[in-house]
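Below you'll find the structure, written out as structure tokens, and then a few comments.
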Amino acid sequence: YNGNLYVFSGNTSPGGVVTNTLHEYNLNTHIWTSRGTGATARQIAFGGIYNDKLYVFGGYNGSNLNDTWVCDLTNFSWTQKATGPARRDGSTDFFNGKMYTFGGFAAAQINEMWVYDIGSNSWTQKASGASARGGISGEATYNGRMYIFGGDREGLFLNDLWVYVL
């Protein structure tokens, strides 16, 4: 985003401290800058950037989280938004003012598609035909479709491609 890579939260090491710091990496100067702390500390959250804002949803900090946070990247202020389903470790993409989240882990790996409507600050569950999975290998939105590739299901690494019409 604007020549920068943003990294929020995570774990300092296996079994280490879960953080809530936002870091900015300038892709031109190769310099890291701390942009302060924000949402509750977490790891393996959903997230992405849409219209100058970083959206962070769910994740894990000893239990699955269901909160939605937005960081305005013009001034690095954080605002908490609507709660959604408690989950972690899935995929996220944006299309037409909505954040689409798929899969991940709740009590077990799931195949649910949930949509956060940015304008109305509300979550809605949508139908999904893809198999349950977490740790999605890749996703992209193109031409009104969300493409979801790979991931894992109970230790089995997947190499399938699913297409969800948005």
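The figures that follow rest on heavy atoms only: side chains count, while hydrogens, waters and symmetry mates do not. The chain is numbered in sequence order, starting from 1.
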For [X] and [Y], which heavy atoms make the closest approach, and how far apart are they?
X      : Y      : value
Gln109 : Ala132 : O-CB, 3.6 Å
Ala82  : Tyr116 : CB-CE1, 4.3 Å
Val18  : Asn11  : CG2-ND2, 4.1 Å
Ala127 : Tyr164 : O-CE1, 3.0 Å
Ile49  : Phe94  : N-CE1, 3.9 Å
Ser137 : Gly151 : OG-N, 3.3 Å

Close side-chain approach of [X] and [Y], heavy atoms under 4.5 Å:
X      : Y      : value
Phe102 : Thr92  : no
Val163 : Tyr142 : no
Thr40  : Asp67  : yes
Trp123 : Val115 : no
Trp32  : Val7   : yes
Arg42  : Asn20  : no
Tyr6   : Leu22  : yes
Lys98  : Tyr50  : no

Run Cys71 and Arg35 through side-chain contact (heavy atoms from CB on, under 4.5 Å) and show every step you take.
CA-CA 10 Å; Cys71 178; Arg35 293 299 183 182; over 6 Å; no
Do the side chains of Ile110 and Ile44 join up, straight or via other hydrophobic residues, at under 4.5 Å, putting them in one cluster?
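Ile110 and Ile44: separate clusters.
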Single-linkage hydrophobic cluster, 4.5 Å side-chain cutoff, Leu54 and Leu5 together:
no
Using the rule given for side-chain contact (heavy atoms from CB on, under 4.5 Å), can you reason through Val70 versus Trp78, listing the C-alpha separation, both sets of side-chain angles and the distance that settles it, and then say yes or no?
CA-CA 6 Å; Val70 178; Trp78 288 85; over 6 Å; no
Pairs of donor and acceptor atoms involving the side chains of residues 55-65, under 3.5 Å and at least two apart or interchain, shall be tabulated with distances.
{"unit_1": "Tyr60", "atom_1": "OH", "unit_2": "Gly62", "atom_2": "O", "d": "3.3"}
{"unit_1": "Asn61", "atom_1": "ND2", "unit_2": "Ala41", "atom_2": "O", "d": "3.4"}
{"unit_1": "Asn64", "atom_1": "OD1", "unit_2": "Arg88", "atom_2": "NH1", "d": "2.5"}
{"unit_1": "Asn64", "atom_1": "ND2", "unit_2": "Ala106", "atom_2": "O", "d": "2.9"}

Quick one: pull up [atom1] in [X] and [atom2] in [Y] and give me the separation to the nearest 0.5 Å.
X      : Y      : atom1 : atom2 : value
Thr141 : Tyr100 : OG1   : OH    : 8.5 Å
Ile136 : Asp152 : CD1   : CG    : 8.0 Å
Ile31  : Asn26  : CD1   : CG    : 7.0 Å
Leu166 : Met146 : CG    : CE    : 7.5 Å
Asn66  : Thr83  : CG    : OG1   : 5.0 Å
Phe8   : Thr19  : CZ    : OG1   : 7.0 Å

Does [X] use its side chain to pair, donor to acceptor, with the backbone of [Y] at less than 3.5 Å?
X      : Y      : answer
Thr12  : Val17  : yes
Asp89  : Gly135 : yes
Gln43  : Ser9   : no
Asp117 : Ser120 : yes

Ring centres under 6.0 Å, that's the criterion: do Phe46 and Trp114 meet it?
no
Who passes side-chain hydrogen bond (donor to acceptor under 3.5 Å, both in side chains) against Asp160, sequence neighbours left out?
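By the side-chain hydrogen bond (donor to acceptor under 3.5 Å, both in side chains) rule, Asp160 matches Arg133, Trp162.
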Evaluate the criterion side-chain contact (heavy atoms from CB on, under 4.5 Å) for residue pair Glu24 and Phe76; output intermediate values, then yes/no.
CA-CA 11 Å; Glu24 176 186 79; Phe76 301 102; 3.8 Å; yes
Is there a side-chain contact (heavy atoms from CB on, under 4.5 Å) between Asp52 and Tyr1? Walk through the geometry before answering.
CA-CA 8 Å; Asp52 301 323; Tyr1 168 80; 2.4 Å; yes
If you count every heavy atom of other residues, nucleotides or ligands that lies below 6.0 Å from Phe157 atom CZ, does the total exceed 12?
no
Under the rule for salt bridge (Lys or Arg N to Asp or Glu O under 4.0 Å), what residues qualify as partners of Asp93, not counting sequence neighbours?
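Partners of Asp93 by the salt bridge (Lys or Arg N to Asp or Glu O under 4.0 Å) criterion come out as none, since no residue qualifies.
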Arg87 and Glu112: salt bridge (charged side-chain N to carboxylate O under 4.0 Å, His left out), yes or no, with the steps?
CA-CA 10 Å; Arg87 56 183 22 207; Glu112 298 172 353; 3.3 Å; yes
